[in-house]
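Below is one structure, written out as structure tokens; comments come after it.
Computation of the quantities below employed the complete heavy-atom set of this structure, encompassing side-chain atoms and omitting hydrogens, waters and symmetry-equivalent molecules.
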Amino acid sequence: MRTFRGLTAEEISALQANMCTASDWTDVEVSEDFSPCYIKYVRFSGKVRLGSFNKEFTLSGGIRKHSGIYFATLHNVTVGDDCCIENVKNYIANYTIGDRTFIENVDIILADGVSSFGNGVSVSVLNETGGCEVVIFDRLTAHMAYIMTQYRERPLLVGNLRKMVEAYVGQVSSATGSIGNDVIIADAGYLKNVRVGDWCKIEGASKLKNGSINSNQSDPVHIGVGVVADDFIICSGSSVEDGVTLSRCFVGQACRLGHNYSASDSLFFSNCQGENGEACAIFAGPYTVTHHKSTLLIAGMFSFMNAGSGSNQSNHMYKLGPIHHGKLERGAKTASDSYILWPAKVGAFSLVMGRHVNHQDTSDLPFSYLIEQLSTTYIMPGANLKSVGTIRDAKKWPQRDRRRDPDKLDFINFNLLSPYTIQKMLNGCKILNDLKKVSGENSDTYSYQSCKIKHSSLTKGLKYYGMAIDKFLGNSLITRLMSFEFSDLAQLRSSLKSDAGYGDGNWVDLSGLIAPENAVDELLNAIERGSLNDVAQLNHCFADLHSEYYNFEWKWAYRMIEQYYDVNLSEADPQMLSSIICRWRNSVVGLDNLIYDDACRELQLSGVSDFDEDPFVKSVCEHIRVKTDLAEKALEKLKF
């Protein structure tokens, strides 16, 4: 631990010769190896502690500057070893500064009174008028925020979550701000009540007030030119630059905000990206992306979402104000110039094109196209299952996880097909079959949720959903079979049994974390009882849910295989399982062929004739080969 001592008379004389002054030299303490040589034109007041200054900094362009303090006013400040502080126009007050930090050409850095540095700020997400507030803090996850907003009917739950946050806020509140080790703050304006983590770079920011920048050596944060931020948390690995304006916002790990993006009362979780446009009261779950100047995201919940240029939503109908909000479930996209009138829900991995004003709920028709024709919404159920774009997105998300911090906050399940989406397809099949029964097999169109479904679209939707269900259930079965060794019927049946505690019933998507609803309910009950009352404990529970996903998935798939195929797996035999595997192979190859055809059509529009040389087309062909081989191996394994 660093120790400090008082200044010697010789050191005071040397500092005075370097044009330094102090309100009381006895309040200035220094490290044992302190030298006054590199302290010039500095005013000290209050309690000041100084480290040693031995290091040289090499700046861009090759310029070298020796550590030290030049032309600055320090009040109640501790400065670590080998820092360089130069040209502070006003002053630095009530801060602890770490080692090897470089501060140059700034206006003012101060902590004024006791601050929680952005922790505890209430963000009016989704409903601008209140009612879905999320209290932000350093350790906020997408999953905790989801619970805060989506379980408002359980006030004890929400209240206990708030108590957890309040306890954390109490721990981090202080009258002294902190700037970590190896930080660069250059050409910045006004910094008030801002806590800056290690290795952060703040270059040209205009104003930062009441916030935390949780940078670290593993995943530094960059704050760029012209940034204005009030009441904020910015997590590791993120960059906020080029004139971004933030007010009451949480920016999660590895996010990218730039090109004059503006956001208020919004949450951005892992790997989000916002450029040029505007956000107001949005819940941007992992991988929410918007690039375009004309795009406004307002009062919506999104994840794995890409907003096309000109995308817009309305959260009020000029009656009771902006009280409405909506949800695009994971993977949903909006095409250019799309519009949705909230409240509305759009099913997972769906594509929205045109203007939609009928408050539709298509959450049980995932992977659909929602197309506007003559002011009417037409649904094409399951059409996105054969889209090359859907598969491309599913592949790119894991590859674009920019988080380098070993302490990852959000637990992200990237699976395209899961119990969450398959249960919705099963619901969708029932909806479509019921429409046929009610309106007749030969109807030209069917009405659903103030929308229309054409006869051909309904027929294809049932086909696509059936193939996807076969694909998922068969894949779960094969994964199970290939994970165990068996040589007789008893061992085979034993290997299929699941010992998971959860998995049956409905599943939920906690903004990236997919889990059984009954497991989540048990977690929420523990929070209500008070037996789970700590933020770290809660995040550990989220980690456990995520790590157990495949065990839970098999328990769900086991029951669903029995129901869907009308079989009893406790009496399974090779012939029964082989028939399911063959259905799986046919569905996988069938969907891949549809994706292959879709890719070829798009390449043809671009003037490409040699389709099979395209990298994506090659990957589809390789996928067909690999899965066909896997089916043969599984079938062979059943021959005992």
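Counting only distance, with no hydrogens or angles, the side chain of T362 and the backbone of G347 share a donor-acceptor pair below 3.5 Å. Without hydrogens or angle criteria, S238 side chain to C255 main chain gives a donor-acceptor distance under 3.5 Å. S476 places no side-chain N or O within donor-acceptor distance of the main-chain N or O of L473, the cut-off being under 3.5 Å. No donor-acceptor distance shorter than 3.5 angstrom exists from the side chain of S266 to the backbone of A263, with no hydrogens or angles considered. Panel note: side chain W342, backbone I298; a donor-acceptor pair is recorded below 3.5 Å. In this structure, the side chain of E517 does not engage the main chain of G505 through any donor-acceptor pair within 3.5 Å. Without hydrogens or angle criteria, H356 side chain to M353 main chain gives a donor-acceptor distance under 3.5 Å. With hydrogens and angles disregarded, no donor-acceptor distance shorter than 3.5 Å links the side chain of S262 to the backbone of G277.
Side chains of R404 and S218: no donor on one and acceptor on the other come within 3.5 Å. There is a side-chain donor-acceptor pair under 3.5 Å between R154 and N525. Inspection of the T377 and E372 side chains reveals no N or O donor paired with an N or O acceptor under 3.5 Å. Donor-acceptor pairing under 3.5 Å is recorded for the side chains of S309 and S336. Under the 3.5 Å distance criterion, with hydrogens and angles disregarded, a donor-acceptor pair is assigned to the side chains of D361 and S363. Remark: the Y168 side chain and the N119 side chain contain no N/O donor-acceptor pair separated by less than 3.5 Å. Between D198 and N216, the side chains place no donor N or O within less than 3.5 Å of an acceptor N or O (distance only, hydrogens not considered). Side-chain contact of N271 with D401: a donor-acceptor pair under 3.5 Å is present, judged by distance alone. N210 and N193 form no side-chain donor-acceptor contact under 3.5 Å, judged by distance and modelled atom types alone. For S247 and S264, the side-chain atoms include no donor-acceptor pair closer than 3.5 Å. S236 and D405 form a side-chain donor-acceptor contact under 3.5 Å, judged by distance and modelled atom types alone.
Two residues are said to be in side-chain contact when any heavy atoms from C-beta on lie closer than 4.5 Å; N551 and K555 fail this criterion. V240 has its side chain out of reach of F232: every pair of non-hydrogen atoms, C-beta onward, lies at least 4.5 Å apart. Proximity of L523 to F542: side-chain heavy atoms (C-beta onward) are separated by under 4.5 Å at one or more points. At a threshold of 4.5 Å between non-hydrogen side-chain atoms, the residues V123 and F283 do not count as touching. Side-chain atoms of K293 and E278, non-hydrogen and from C-beta on, never get closer than 4.5 Å to each other. Q150 is listed as a side-chain neighbour of M301, based on a closest heavy-atom distance under 4.5 Å. The shortest distance between side-chain heavy atoms of I202 and H222 does not fall below 4.5 Å. Taking 4.5 Å as the limit, some side-chain heavy atom of R152 sits within range of a side-chain heavy atom of E133.
Checked for salt-bridge contact, K209 and D230 miss the test: no charged N lies under 4.0 Å from a carboxylate O. Taking 4.0 Å as the cut-off between side-chain N and carboxylate O, R139 and D407 count as a salt-bridged pair. Between E553 and R559 there is no salt bridge, since no side-chain N of the basic residue sits under 4.0 Å from a carboxylate O of the acidic one. R402 and D219 are not joined by a salt bridge, as no carboxylate oxygen comes within less than 4.0 angstrom of a charged side-chain nitrogen. Electrostatic pairing of E329 and K424 counts as a salt bridge here, judged by a charged N lying under 4.0 Å from a carboxylate O.
Shown here for S368 and P381, the closest heavy-atom pair between the two residues is OG-CA, 3.2 Å. Closest approach of V125 to C132, counting heavy atoms only: CG1-O, 3.1 Å. Contact between Q449 and Q360 at its shortest, heavy atoms only, is O-CB, 3.9 Å.
For F117 and F137, the gap between ring centers reaches or exceeds 6.0 Å. You'll find the ring centres of F349 and F367 inside the 6.0 Å limit. When ring centroids are compared, Y549 and W507 come within the 6.0 Å threshold. For F269 and F250, the ring centers sit closer than 6.0 Å to each other.
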Requested in this report: Take D364 and Y448, measure what side-chain hydrogen bond (donor to acceptor under 3.5 Å, both in side chains) needs, and give me the verdict at the end.
Outcome: CA-CA 11 Å; D364 279 330; Y448 176 73; 5.4 Å; no
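Between H259 and the options H292, E275, H291, a side-chain hydrogen bond (donor to acceptor under 3.5 Å, both in side chains) holds for only E275. The side chain to side chain contact (heavy atoms under 4.5 Å, CB included) test with R162 is passed by exactly one of N160, V158, V165: V158.
Checked against side chain to side chain contact (heavy atoms under 4.5 Å, CB included), D470 has the following partners two or more places apart in sequence or in another chain: Y564, Y565, R583, S587.
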